Structure formats: structure tokens, C-alpha cells
Engineer: 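Below: one structure in C-alpha cells.
Quick note on labels: first sequence line is chain A, next is B, and so on, each numbered from 1. Note: hydrogens, waters and symmetry copies are ignored here, and every other heavy atom, side chains too, is used. Only a predicted model underlies this, so the values are computations on that prediction, with no experimental measurement involved.
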There are 2 protein chains.
Amino acid sequence: MAEKVTIATVAAYAQVSRQTVSNVLNSPHIVRDETRRRVEEAIATLGYRANQAARQMRTGRSHLLAVRIEPTRDGINGSVLDRFLHGMTFAAAAAGYRVMLYTADDDRDEIKTFDNLLASYDLDGFVLTGTDHGDVRTRWLAERDVPFVTFGRPWDAPERHSWVDVDNAAGTAQATRRLIETGHRRIAFVGWPAGSGVGDDRRDGWQRTMKAYDLDPTGLDRGAPDGIAQGADCARDLLTTPDPPTAFVCVSDSLALGALQAAGGRKAVTGFDDTPVAQAIGLTSVSQPLADAAARCIDLLIHHLDGAPTGTHQVLLQPSLVVRTTA
Amino acid sequence: MAEKVTIATVAAYAQVSRQTVSNVLNSPHIVRDETRRRVEEAIATLGYRANQAARQMRTGRSHLLAVRIEPTRDGINGSVLDRFLHGMTFAAAAAGYRVMLYTADDDRDEIKTFDNLLASYDLDGFVLTGTDHGDVRTRWLAERDVPFVTFGRPWDAPERHSWVDVDNAAGTAQATRRLIETGHRRIAFVGWPAGSGVGDDRRDGWQRTMKAYDLDPTGLDRGAPDGIAQGADCARDLLTTPDPPTAFVCVSDSLALGALQAAGGRKAVTGFDDTPVAQAIGLTSVSQPLADAAARCIDLLIHHLDGAPTGTHQVLLQPSLVVRTTA
DNA sequence: TTGTATGCGTTATCAC
DNA sequence: GTGATAACGCATACAA
């Protein structure tokens, strides 16, 4: 292991005081050019890197951001978080921050973890993936003035805090439009039961587009919990109606896969999230710009950290339709 | 925000010196029972948690572990890392450690990141997922006495460092046996090109099992880079031979999916990794005990950190075959 | 512009 | 068994 090189080491090497080294690092403009060059050269030669722990003790900032990692829930949607995490880590590193992981069983447990993380590691901020109606976690954080950004907007109060989200409605609208343009008229929607902000938003996009083209969505709407079997059930149910649909816009790749199986491949189907499953079976799906979303989350969070803590910011990103063989 | 509660706060509340509080935390046995109880009560009442930054400055240990997060490579295998990360984070937290993420483009870049992380954050150790022949990363870490554990064994020198791995050969052996027991005799292997430790190991499991049952594997072995199209190509190639196989043991779910498509669903197929794709389409696949593997990695790493740095440890875990509809 | 002194919260060394 | 003191590496107010 290389010797530990501190500010003192650099100072001695560059023949200046420790303070001057600190100035070069934190307020370069107040140091004379020639001195600064000498110090910078010493830093490079010695390979000096500031010790975060010491810096944190002094400044109270850890340069650490936290995000929760969830167990792959229903299996099919796990890669979404994966891509988001990678994007976050990359963007954070570019800004001089690091990402720390934590797990939690539920909201109450997560709040307990917030408390621990804050007390022990002095975390600078949190990125929450997803938020519910009346989220207790965001309230807890806000009450304590802990900086945070959510990926997913708060449905009950859009401007309460900063968030980044994908325009879900635009995604399903795009899928619906594509189906209409390729000749379909009876286009069904296989979604989640009403009540989830994201699901309702995606339903809206389908419904509005249908109406915009003077197509009647009545009776073409089904809702079920996420899952392949549920998607198949919904599709079968729709196919047995008097005037059955010729295409399905689905709220997730899981439901889409089910619909695809039920339809025997003879109907057009679109999914949502562009998961590996969609890529594997050639399912046309709405793709979220996850790396971009992650980067914007980091941007917003760091903006909160660095700049004035005044006001919140919202970012709405556009998804894109990845056309494959099923639509 | 609650007031900052330090050792001094606790000491004042419990009417003892700061040092006594520290003793209660680090060497409880040398403190008188009654005093210890009083201090512990104060800690609980005040909700005191040790400040990691300060502790780290003194002890040189950050209680931080790092792991690399990779961009979902070929799409289909992303969830494996996801599950592993969750398991790591969970196990680490239980032992009082936290997991930090980093990204890297290649080995050289990763080593640079090691250096930065070590210098800036005083990381306690690394978990590397996967290791190649003559891995420069493990050499770099070993040379500097940085504790690390790999998930995946070093193929060139099995006992050079501590690792946790899954018995790949046992996995394909199990799949092959299952196919033999259900009546198949011509069982092909769709693998990766020779040279990758993992791929060769999985091929061995198939080959050995065939021979154990007096079945001739000659001519039933194909190798291709990972991918659905490649799997389909291999399967088609095998199916046009004079005595075509009736079943395919595949080295990955991607290749298995391709084989499945090429065989038109009329042949038995098994995959490897039990990815969401396998779950979605009902593909029989070998499942790795990822949460367990992650926990063992953490165990080994912390053992290195706490205990004597003498000797290395190896853990080989058994995979299990998840039987679905394709075999 | 540069140098000096001080404290962040913790633990280790030493007297008591 | 307990309490004072120093030190970890850094950044800031202040004096030179």
C-alpha cells in the first residue's frame, strides 16, 4: 500500500503551508499562479486525493447519495431498476458523488433506514424510485429538510417536491397511434386496476388517443394486477366479446406477454418498459429513457445540495416506442 | 432536524465522561454493570448513533464495501446482478456495513476507480463479480493488500484468493440428467466458444453426465457468443445433422430461447440463470442461489476484515433446476 | 497572498 | 473502573 498522502505531505513537497494547499483546492483564485502551479504539480506527483471522512467532519457533507434496491418483484420488471442504478452511479460519479445502496421491507422500515443512514453516514440526499398517494417517506424527509428527488411524480401534489418522471400517457398514446396508423380500429387496453397513478396515466394516453381519432374506447378497457396469467385472462375476456379488439395496448410487458399468448400471436400487442423479455421475444414496447432519468435525478439532487434550497423542480421525460414484430 | 447527538451529549446525560461512553460501545466488558446500563439507557433515550466519519478517521475503517454495477449487457441477463446486489446490501447491513456502487468501462478503468475509492473513501473491501484468466484487477488488489472476494472462481489459480462460486457443472449435469430420465438420448449442448471458464465448466457437466449414462456426446456440441439469434443458428445446425438431437442443454437463457424458437417448441430445452425471460416463457432453467452467494461473499469479506488475514477461503454453492414446461 | 490556531466526533494511551 | 488528553485530516476565521 502506498504511503498515506495528506495535505501536509503535499505542503511539505511543494514548500508551502498546509493552508495554501487547502486554498488551492477550495479557492484556487486567491492563490498566486506560480504557487498554485507548484502545488498542483505536487498533488499530481504525490497522487493526493482529499480524504472524504475528514472533509465531511468539517463540512458536514459526505458526498454520498442513497437509493433503495428492491428485490426483483414480479420478475419481469427487474431490469428497469438495474438500468436506472447504473445511470445514477455514472452521473453521480461525474459530479463527485457516490451512490450507496439500502434495502427496506416497507415504508416504515425505509424511514427507519433513512434515520440510521443520516445519523451514521451523514448522507447528503436520497433518490426514491416511485411514490404513492400520500407517501409517508417523502413527508418524513421533507419535515427534516433532507434533500431528495423522486423518480415518479407525487400524484396528490405535483409540486410538493422535486421529481423526474416519464410521460406515461405519451407512451401509450404513441403506441395507440402506431396501431391506428397501421389500420387497427378496435384497440383494447390491458391495464392495472384504477388507483395507481402510473397505471391511470398510461390508460389516459390510450383513451385520449382513441377519442382523438373518433374511436370509441367503451368496453375495451380491462384492469388486473401485473402478471402474465392476468394478461392472458384479460385478453381472452376481450376476445370473447361481440366486437373483439384486433390489438392490445398493455400497461406492462408482463401483461403484454400474457395477451400475446392468449391471442395466439394473431393480434397486435404493445408492452411497456422495454424489458429484456420484450427484447427477447420481439415485443413492441414503450421504452423509458432510464439513464437520462437517472442523470436528471442526480442533477436535481445536487442542485438542491449546492445551490439555493429555494423551490422545487420537475422534469418530464418523453418515452419512445420501440417497434418490433408484434405491432 | 433533530439536534445532533454525540458522545458528549450521551456522556452529559448519563453523568459520565465521554470516554466511558466510548468504552461502553467498544469494550463493554471493562465498564461496571451499573454504569453501563445507565449509559446504554442514555444512548437509547437520546437515539445516539456513532458518526462513521469520525470513527473512520480514528480507526481507518469506513464500514463501506464496493461493488461494480454493469450496464445490462446483452439485455437478457441483467436481473442476475440485480438479485446479487440486493442480497449483498441486505447481508452487509446485517453486519453493520454498507454497499457503495461504482461503474467502470474496462479493467484498467476499474483499477483507477479502486485507487480513487480507496484514497477518498477508505473503502474496506471490494466484491468483484466474475474474474478472467490472469485478472489484472485481483492482482492489483492483492499487491496492495486490499481485502476482496470474487463471485466466480479464478480459473488459473483456484486458491489464490477467496471466492464464492456456483457449481456450474453440477447445474448442467442436473439438467442433462433430467432430460435423460424423461427419455431423451440425443441431447445436444449449446454453449459458448471454448475458453471462458464458466462456459467450459457448464459444458463439462453436460459431457460428463452423457458419458456416465453411456451416451455419446460426439458431434452434439456447439459454441457461439451469447444471443438469441446465435442460439437459433446452433439449434438449426444441429437439427440438420443425420441423427439430430431431441433435446438441448443451453449455457444461457438467451441461447436457450433461440434454440426454442428454432426447434419450433417441439424439442426439450433447458437454459441457465433462471432469468425473468425464462420465468415468462416457461423455460426450464438452472437457477443460481444468488442471495445466498451474495451473503457468503459478504461473510468472507468481513471475515477478512475482522479476523486474521491468514489464508483464503472458497465456497462452492449448488444450483438447482427449475423445471417448467420446456423440459 | 500566506501562515497559525482551532474544532469537527471518535478512539487509544495513559494516568488516576 | 474511570476520566483527562492527544490525534486522525481537513477547512475556516483570523492574524501576519
Engineer: Give me the ring orientation class for W140(B) and F114(B): parallel if the planes are under 30° apart, tilted from 30 to 60°, perpendicular past 60°.
Structural biologist: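 W140(B) and F114(B): tilted rings.
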Engineer: More than 12 heavy atoms of other residues, nucleotides or ligands under 6.0 Å from CD of E41(A): yes or no?
Structural biologist: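 Result for CD/E41(A): open.
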Engineer: If you compare every side-chain N and O of T20(A) against the phosphate oxygens of dT2(C) (OP1, OP2), does one of them come in below 4.0 Å?
Structural biologist: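 For dT2(C), neither OP1 nor OP2 has a side-chain N or O of T20(A) closer than 4.0 Å.
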Engineer: Can you tell me how far P of dA11(D) sits from CD1 of I30(A), to the nearest Å?
Structural biologist: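 Computing the I30(A):CD1 to dA11(D):P distance gives 13 Å.
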Engineer: Might you point out which heavy atoms bring Y13(B) and A42(B) nearest each other, and give the distance in Å?
Structural biologist: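 Looking at all heavy atoms of both residues, the closest pair is CD2-CB, 3.4 Å.
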Engineer: Quick one, give me the B/S/- string for nucleotides 8-15 of chain C, reading 5' to 3', where B means a protein heavy atom under 4.0 Å from the base and S means that only happens at the primed atoms, P, OP1 or OP2.
Structural biologist: BBBBB---
Engineer: From CZ of R32(A) over to C1' of dT2(C), roughly how many Å is that when rounded to an integer?
Structural biologist: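 Checked: the CZ to C1' distance equals 9 Å.
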Engineer: If a pair satisfies salt bridge (charged side-chain N to carboxylate O under 4.0 Å, His left out) and one of its residues is in residues 149-159 of chain A, list it, with sequence neighbours excluded.
Structural biologist: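 Every salt bridge (charged side-chain N to carboxylate O under 4.0 Å, His left out) pair that includes a residue of residues 149-159 of chain A, provided the two are not neighbours, is R153(A)-D165(A), R153(A)-D201(A).
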Engineer: Students often mix this up, so state it plainly: with edges at 30° and 60°, are the rings of H63(B) and Y97(B) parallel, tilted or perpendicular?
Structural biologist: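 Correct class here is parallel.
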Engineer: Check this for me, if you would: do D122(A) and K4(B) make a salt bridge, where the nitrogen-to-carboxylate-oxygen distance has to be below 4.0 angstrom?
Structural biologist: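 Judged by the 4.0 Å cut-off on N to carboxylate O distance, D122(A) and K4(B) do not form a salt bridge.
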Engineer: Mind listing the residues from residues 35-45 of chain A sitting with a heavy atom below 4.0 Å of DNA chain C? Number order is fine.
Structural biologist: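 Hits under 4.0 Å, by residue number: T35(A).
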Engineer: State the OG1-CD distance between T89(A) and E70(B), to the nearest 0.5 angstrom.
Structural biologist: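 Between atom OG1 of T89(A) and atom CD of E70(B) there are 12.0 Å.
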Engineer: Counting only N and O atoms by type, is there a donor-acceptor contact under 3.5 Å from the side chain of S162(A) to the main-chain atoms of H313(A)?
Structural biologist: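 Looks like yes, one N/O pair under 3.5 Å.
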Engineer: Tell me the interatomic distance from H29(A), atom NE2, to dT1(C), atom P, rounded to whole angstroms.
Structural biologist: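 That distance rounds to 10 Å.
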